[in-house]
Protein chains: 2
Amino acid sequence: MHEAIFPLSFPAPGRKPVSIKDIARQADVSHSTVSRALRNSPLVHPETAEKIRAIAASSGYRVSAVARSLVSQRTQTIGVVVTNIGDPFNAEVVSGIEDVANAFGYSVLLASSQSDPVRELGVVHSFEERRVDGIIVNSSRVGSLYQELLSSLSIPVVFINNHNPGGFAYSVSIDDVAGARQVTEHLLALGHTRLAYIGDRFGLQSNLDRMAGFQDALERAPQARRPPIIVYGDGTSAGGAQAMKELLESGQNPTAVFCYNDRTAIGALSTIQERGLRVPEDISVTGFDDLPVSSFCHPPLTTLRQPMNGMGRQAMQILEQLLSRNSQPPDMANKFIGNLIVRQSTAAPSNGKQS
Amino acid sequence: MHEAIFPLSFPAPGRKPVSIKDIARQADVSHSTVSRALRNSPLVHPETAEKIRAIAASSGYRVSAVARSLVSQRTQTIGVVVTNIGDPFNAEVVSGIEDVANAFGYSVLLASSQSDPVRELGVVHSFEERRVDGIIVNSSRVGSLYQELLSSLSIPVVFINNHNPGGFAYSVSIDDVAGARQVTEHLLALGHTRLAYIGDRFGLQSNLDRMAGFQDALERAPQARRPPIIVYGDGTSAGGAQAMKELLESGQNPTAVFCYNDRTAIGALSTIQERGLRVPEDISVTGFDDLPVSSFCHPPLTTLRQPMNGMGRQAMQILEQLLSRNSQPPDMANKFIGNLIVRQSTAAPSNGKQS
DNA sequence: CTGAAAGCGCTAACAT
DNA sequence: ATGTTAGCGCTTTCAG
């Protein structure tokens with residue numbers, strides 16, 4: 001009778017949730033009838049069903065998804081692994097996943113690997129124990145390790161932007177090579193001959209692919225100075241800023257810089273302008289991703305748009321198809337082609353600057 | 001014997017996970033012994049324990065967290081509600097939460113409300129069914145509705161940045177009033193007299209509080225022009241850009257603009273520069289949050305730093321204390337004071353510009 | 001040290 | 001239309 005010793009909002013500690021048995025007792029029926037009534041089974045008399053639902057509602061009853069999962073062998077939950085949710089790219093992808101997952105009645109278990117292969121495997125391990133119905137791995141950083149793990153897994157996995165050589169797994173990804181080529185061709189068409197690439201030293205395959213696309217485009221441009229200038233950041237703005245400093249101090253004077261991603265480009269922009277140089281007059285800068293912030297940079301960033309949200313959505317759609325056995329298996333490799341978004345961070349090189 | 005009809009990585013559809021019973025059979029012991037051995041209970045003979053663990057490992061056994069939860073009445077899972085994970089502010093907070101949750105052995109179930117009160121309640125409802133051990137709600141947009149829900153909830157809830165009048169719930173938040181006051185005082189000290197505020201029309205209490213802090217500082221500055229100019233965005237960069245346009249076209253010529261948050265400020269920056277005006281020479285701009293990108297803006301943004309990650313961490317720490325009954329109940333209200341970070345987007349007004 | 005048995009909350013035959 | 005029973009995979013007494 002002294003229930004109110006806690007502040008109003010203090011959760012009653014350990015208050016046991018009401019179960020169908022409790023309701024059954026109150027309604028004077030069996031627990032199966034309660035179970036049926038609550039799931040709107042036609043097999044129960046409308047009147048008793050109504051009575052049961054009333055009791056359930058007033059008692060604050062909530063089915064136990066855990067008990068239900070134990071029998072159904074389905075948790076209606078999917079696990080999502082990202083390297084780091086603070087990365088706006090990942091955040092957008094997760095947002096797309098969550099959206100579709102929600103529409104299909106799935107909940108999302110989120111975990112980040114901090115780009116640590118060991119943690120990444122630990123996360124998958126934990127997902128298995130929690131009996132998630134499927135897993136989506138965004139920008140896996142442990143490539144080959146996964147192939148092994150995959151075959152021991154009995155739940156479907158969909159990768160996003162995980163370009164493993166020979167990867168025979170479901171994946172949705174951007175065509176990095178083609179994207180980088182597009183961007184580079186844009187720079188070339190503008191008349192640049194002295195190009196630089198700021199890579200991501202932790203970018204693994206996608207870094208290699210973007211660099212490949214970059215070099216690929218250069219191959220066909222005899223006027224371009226060779227070899228191209230290449231420096232490395234770490235995929236963050238701070239890394240991009242630092243790499244740009246090295247570039248500026250190297251005396252190589254590129255007139256255009258293709259950055260691994262938008263964050264790197266934003267860092268590069270910052271360094272360039274800090275030094276009193278102008279973009280695009282003195283140096284053109286391009287990114288890759290088209291983050292929400294990129295169109296508001298100064299100057300607005302020319303970049304290759306990845307449908308981040310869309311890729312997340314598609315990954316979840318594939319997973320859903322995999323999970324509902326009544327549909328045909330989806331394609332394994334789903335490659336998106338990005339769109340070149342030309343904004344004001346690129347322009348023809350100013351002749352006066354040619355050295 | 002035709003097991004290999006699927007590609008190597010194709011998940012064996014519906015392959016049933018191995019259970020302790022399976023292991024028990026193989027090891028010729030009872031399933032309780034297996035259960036004990038697997039949890040390193042001292043009550044089992046080292047030799048049999050070893051044997052059991054070997055079988056478990058080779059068979060790829062994974063405890064079923066769902067079965068375990070059914071008996072333990074704990075899921076070791078917490079639910080996190082955000083308005084939108086694409087918002088970098090939320091992403092940072094979630095990152096902090098995830099970090100600490102992980103350290104304490106909790107998984108996080110993430111769901112976004114899209115700022116829709118109905119969805120927000122739906123999410124909490126779903127969390128209840130899934131029997132999460134606790135809930136963290138970030139920037140709740142349904143304020144008072146929650147108070148009601150709260151008292152019917154039997155699991156602890158911690159709010160982040162939810163300033164409900166009279167909120168008697170666990171919460172960690174930033175002192176919006178003091179923060180806004182700090183920023184405004186900085187602007188005033190620089191000599192600005194014609195200040196504007198770009199609010200967030202969906203910002204609810206935090207918008208009101210930041211505006212209050214802004215006006216509060218102005219009250220004590222007799223030199224400041226009154227009433228202050230106030231326009232509204234929606235918390236996004238696009239909204240900030242739009243609001244800034246209105247401001248510029250209103251002919252009120254503010255020399256300093258205090259923005260609701262960094263995203264709004266970034267949008268404002270973009271509009272100002274697009275019009276050929278300079279920051280800070282023509283107009284000073286300040287934000288609120290200090291997003292990772294803000295120090296790389298051009299010019300780098302003067303703003304009030306919120307320890308986003310730290311707030312997420314603290315919220316999870318509080319939840320953990322609430323969950324482990326053996327510690328004293330934490331404080332209910334945990335208010336952070338932000339730090340003013342002065343960068344290059346603010347400066348004294350140039351006299352030539354004074355109208 | 002180990003096994004038998006009960007039970008967590010629910011669903012799903014199988015009987016009425 | 002409803003009740004009975006079994007069982008999902010695990011932990012936990014309670015007996016040996």
Side-chain angles (χ1 to χ4, degrees), chain A residues 14-53 55-56 59-77 126 128-133 154-155, chain B residues 14-53 55-56 59-77 126 128-133 154-155:
Chain A
R15 186 169 79 201
K16 239 185 88 182
V18 356
S19 76
I20 50 173
K21 271 179 160 172
D22 299 325
I23 296 179
R25 205 172 304 121
Q26 254 204 270
D28 201 44
V29 293
S30 76
H31 70 278
S32 349
T33 299
V34 174
S35 174
R36 290 184 190 110
L38 261 21
R39 276 170 309 126
N40 301 311
S41 161
L43 302 180
V44 41
H45 191 90
E47 218 163 275
T48 51
E50 196 34 64
K51 178 175 165 196
I52 288 172
R53 279 192 282 266
I55 298 179
S59 65
Y61 172 79
R62 301 278 183 264
V63 264
S64 165
V66 5
R68 176 178 286 175
S69 290
L70 190 56
V71 13
S72 70
Q73 303 284 47
R74 291 288 227 104
T75 54
Q76 293 297 114
T77 299
S126 147
E128 284 188 89
E129 295 191 345
R130 299 187 121 86
R131 297 295 190 265
V132 299
D133 295 334
S154 57
I155 50 181
Chain B
R15 186 169 80 200
K16 242 185 85 182
V18 355
S19 76
I20 51 173
K21 271 178 159 173
D22 300 324
I23 297 179
R25 207 171 303 123
Q26 253 203 271
D28 201 44
V29 294
S30 75
H31 72 276
S32 346
T33 299
V34 175
S35 173
R36 290 183 188 111
L38 261 21
R39 274 169 313 123
N40 301 311
S41 160
L43 301 180
V44 40
H45 192 90
E47 218 162 275
T48 51
E50 196 34 62
K51 178 176 165 196
I52 288 172
R53 278 192 282 266
I55 297 179
S59 64
Y61 172 79
R62 300 277 183 265
V63 263
S64 165
V66 4
R68 176 179 285 176
S69 291
L70 189 57
V71 12
S72 70
Q73 303 286 48
R74 290 291 225 103
T75 53
Q76 292 298 117
T77 299
S126 146
E128 283 189 271
E129 296 191 344
R130 300 188 120 86
R131 297 295 190 265
V132 299
D133 295 334
S154 57
I155 50 181

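Letters go in sequence order (proteins before strands), and every chain restarts at 1.
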Asker: Taking only N and O in the side chain of A/S19, is any of them less than 4.0 Å away from OP1 or OP2 of C/dG9?
Answerer: no
Asker: Contact class for A/S72 (heavy atom, under 4.0 Å): base, sugar-phosphate, or nothing?
Answerer: nothing
Asker: Quick one: do A/R39 and A/S35 satisfy side-chain hydrogen bond (donor to acceptor under 3.5 Å, both in side chains)? Show the steps, please.
Answerer: CA-CA 6 Å; A/R39 276 170 309 126; A/S35 174; 3.0 Å; yes
Asker: From C-beta outward on A/R36, which listed nucleotide comes closest to its side chain: C/dG7, C/dC1, D/dT2?
Answerer: D/dT2
Asker: Examine D/dC8: is either OP1 or OP2 under 4.0 Å from a nitrogen or oxygen in the side chain of A/R68? Give yes or no.
Answerer: no
Asker: If the cut-off is 4.0 Å, is B/K16 near the phosphate of D/dC8, judged by side-chain N/O to OP1 or OP2?
Answerer: no
Asker: Atom CG of B/L38 to atom C1' of C/dT2: distance rounded to whole Å?
Answerer: 16 Å
Asker: Quick check: on DNA chain C, is the nucleotide nearest B/A67 upstream (toward 5') of the one nearest B/T33, or the reverse? Name the residue that is more 5'.
Answerer: B/T33
Asker: Is A/T48 close enough to D/dA1 that one of its side-chain N or O atoms is under 4.0 Å from OP1 or OP2 there?
Answerer: no
Asker: Take the protein atom CD1 of A/I20 and the nucleotide atom C1' of C/dC10, then report the distance between them rounded to whole Å.
Answerer: 5 Å
Asker: With a 3.5 Å cut-off and heavy atoms only, can you find an N or O donor on one side and an acceptor on the other between the side chain of A/S35 and the base of C/dA12?
Answerer: no
Asker: Respond yes when some side-chain nitrogen or oxygen of B/K21 is under 4.0 Å from OP1 or OP2 of D/dC8, and no when none is.
Answerer: yes
Asker: Given C/dG9, D/dT12, C/dT2, which nucleotide is nearest the side-chain atoms of B/R39?
Answerer: D/dT12
Asker: Using atom CG of B/L43 as one end and atom C1' of C/dG3 as the other, report the distance to the nearest whole Å.
Answerer: 13 Å
Asker: A/L70 CG to D/dG7 C1': how many Å, rounded?
Answerer: 9 Å
Asker: Figure out the CD/C1' separation between B/E50 and C/dC1, and round it to whole Å.
Answerer: 17 Å
Asker: Would you find a donor on one side and an acceptor on the other, under 3.5 Å apart, between the side chain of A/R53 and the backbone of A/A37?
Answerer: yes
Asker: Let's test your reading of the model: under 3.5 Å, does the base of D/dT4 pair with the side chain of A/H31 as donor and acceptor?
Answerer: no
Asker: Side chains of A/S64 and A/R68: any donor to acceptor distance under 3.5 Å?
Answerer: no
Asker: Ignoring backbone atoms, test whether A/Q73 places a side-chain nitrogen or oxygen under 4.0 Å from the OP1 or OP2 oxygen of C/dT11.
Answerer: no
Asker: Check whether any side-chain nitrogen or oxygen of B/S64 sits under 4.0 Å from OP1 or OP2 of D/dG9, and answer yes or no.
Answerer: no
Asker: Considering only heavy atoms and no angle criterion, is a donor-acceptor pair shorter than 3.5 Å present between the side chain of B/S32 and the base of D/dT11?
Answerer: no
Asker: For B/V29, which contact category applies under a 4.0 Å heavy-atom criterion: base, sugar-phosphate, or nothing?
Answerer: sugar-phosphate
Asker: In whole angstrom, give the distance that lies between atom CG of A/D28 and atom P of D/dA1.
Answerer: 19 Å
Asker: Using a 4.0 Å heavy-atom cut-off across all strands, classify B/P42 as base, sugar-phosphate, or nothing.
Answerer: sugar-phosphate
Asker: So what does A/V63 touch, heavy atoms closer than 4.0 Å: a base, only the sugar-phosphate, or nothing?
Answerer: sugar-phosphate
Asker: Expressed in angstrom and rounded to an integer, what is the separation of B/R131 atom CZ from C/dG9 atom P?
Answerer: 8 Å
Asker: Whole-Å distance between C/dC8 C1' and A/D22 CG?
Answerer: 13 Å
